[in-house]
There are 2 protein chains.
Amino acid sequence: MPPKSDLSLLNCSLARALGSVGDGWSLLIIRDAFFGLSRFSDFQKSSGVARNILARRLEALIAAGILRREGSDTRPLYRLTEKGRALLPAIVALMQWGDHWESEDCAPVALTDAEGGPVAPVRLETSAGAAVTAETIRFAAGPGADPRTAAFFARR
Amino acid sequence: MPPKSDLSLLNCSLARALGSVGDGWSLLIIRDAFFGLSRFSDFQKSSGVARNILARRLEALIAAGILRREGSDTRPLYRLTEKGRALLPAIVALMQWGDHWESEDCAPVALTDAEGGPVAPVRLETSAGAAVTAETIRFAAGPGADPRTAAFFARR
DNA sequence: CTGTATCCTTAAAGATACTG
DNA sequence: CAGTATCTTTAAGGATACAG
């Protein structure tokens, strides 16, 4: 967020995640990297972002450990790191939500596995395999909770 | 995004999703709603956001159909709609990513089902149940692809 | 092709005071 | 408690020109 607020300081992993990829362009650049783009100019054409802005975002994503610079210095490739690739479930979940709720189930992009089998809607489950929904999910203080967070969940 | 760019116009459900919840505060407010918060002042205290900003975000989330105003006019409740609840997998996926990669696996907030069974890391699979990873996922033009999107995927 | 350097614009966020 | 109304600040984004 612009003035004053720094999400990455909040005691919440969602806020910290948004501190790295919470701006409008980052997730779109990462999406393009999943599509296979790796050139500066390809990212630029795909999103239409201004070149100086793209350079700034790429630098930030590299600093965050999400992208890595490879290849020649004059004509580098931008590739996802393991940390970047780990964003796939979150990106797909957001994309699926957008497909259903913002694109009227008419997806601009279709997702499959290597054999062409369609990717199923992301769903939550317990380690035992039971489905978890918005109605059944519960939140509690975790090992990383600070006193304020712990107090917040203690009184519910 | 601020000047000029309007993500919701792009031919991509991820961009459209980010057009609704892509700013820094929206997902945190929605997270608080999942935690059970529903009062203006509770949202305000939880995130520390300025009151006028909070009012603006709540209004935008209601306009987007993600929150609904309930109860008395003078002391309303803000509740998640079905569309808002449908964001749970995306929020959990982002939170889990933040737990692992930005909080060193020391989660401030723990997720369980109603019986206390821990929520497993979100993973992708095909409708047939096969795991889908960053290495095996494939992208193609979907039914909602415009000519430019179709051409983009046609040449890969 | 891949950027960097400037300058400019603007929307988002903050602070503060006030109202029903 | 739940906002609204102003005013100010600022950082993100855009346009453009230039460089290796």
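Residue numbers start from 1 in every chain, and the chains themselves are labelled A, B, ... in the order their sequence lines are given, proteins ahead of strands.
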Residues from residues 65-75 of chain A lying under 4.0 Å of DNA chain C - heavy atoms: A:R69, A:T74, A:R75
Residue pairs passing the salt bridge (Lys or Arg N to Asp or Glu O under 4.0 Å) test where at least one lies in [range], sequence neighbours excluded:
{"range": "residues 88-116 of chain B", "result": "A:K83-B:E102"}
{"range": "residues 5-22 of chain A", "result": "none"}
{"range": "residues 127-150 of chain B", "result": "A:R85-B:E135"}

Can you list every pair that meets ring pair (Phe, Tyr, Trp, His ring centres under 6.0 Å) and has a residue in residues 104-141 of chain B, with sequence neighbours left out?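 Ring pair (Phe, Tyr, Trp, His ring centres under 6.0 Å) check on residues 104-141 of chain B returns A:F35-B:F139.
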With axes from five pairs an end, tell me the bend angle of the helix from C:dC1-D:dG20 to C:dG20-D:dC1, nearest 10°.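 Rounded to the nearest 10 degrees, the bend comes out at 50°.
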The criterion is side-chain contact (heavy atoms from CB on, under 4.5 Å); which residues satisfy it with A:S127, sequence neighbours excluded? B:P118
Mind checking what makes salt bridge (Lys or Arg N to Asp or Glu O under 4.0 Å) contact with B:E82, not counting sequence neighbours? none
Let me check something: any side-chain donor-acceptor pairs from residues 52-70 of chain B under 3.5 Å, sequence neighbours excluded? List them with distances.
from, atom 1, to, atom 2, distance (Å)
B:R57, NE, B:D23, OD2, 3.3
B:R69, NH2, B:D73, O, 3.3

Residue list, side chain to side chain donor-acceptor pair (under 3.5 Å) with A:S38, at least two apart or on another chain: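 Listed in chain order: nothing, the list is empty.
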Taking side chain to side chain donor-acceptor pair (under 3.5 Å) as the definition, give me every residue that meets it alongside A:R123, ordered by chain and number, with sequence neighbours left out. A:E125
Quick one, give me the B/S/- string for nucleotides 8-14 of chain C, reading 5' to 3', where B means a protein heavy atom under 4.0 Å from the base and S means that only happens at the primed atoms, P, OP1 or OP2. ---SSBB
NA contact type, A:F43, heavy-atom cut-off 4.0 Å: base, sugar-phosphate, or nothing?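 Since no nucleic acid heavy atom lies under 4.0 Å of A:F43, the category is nothing.
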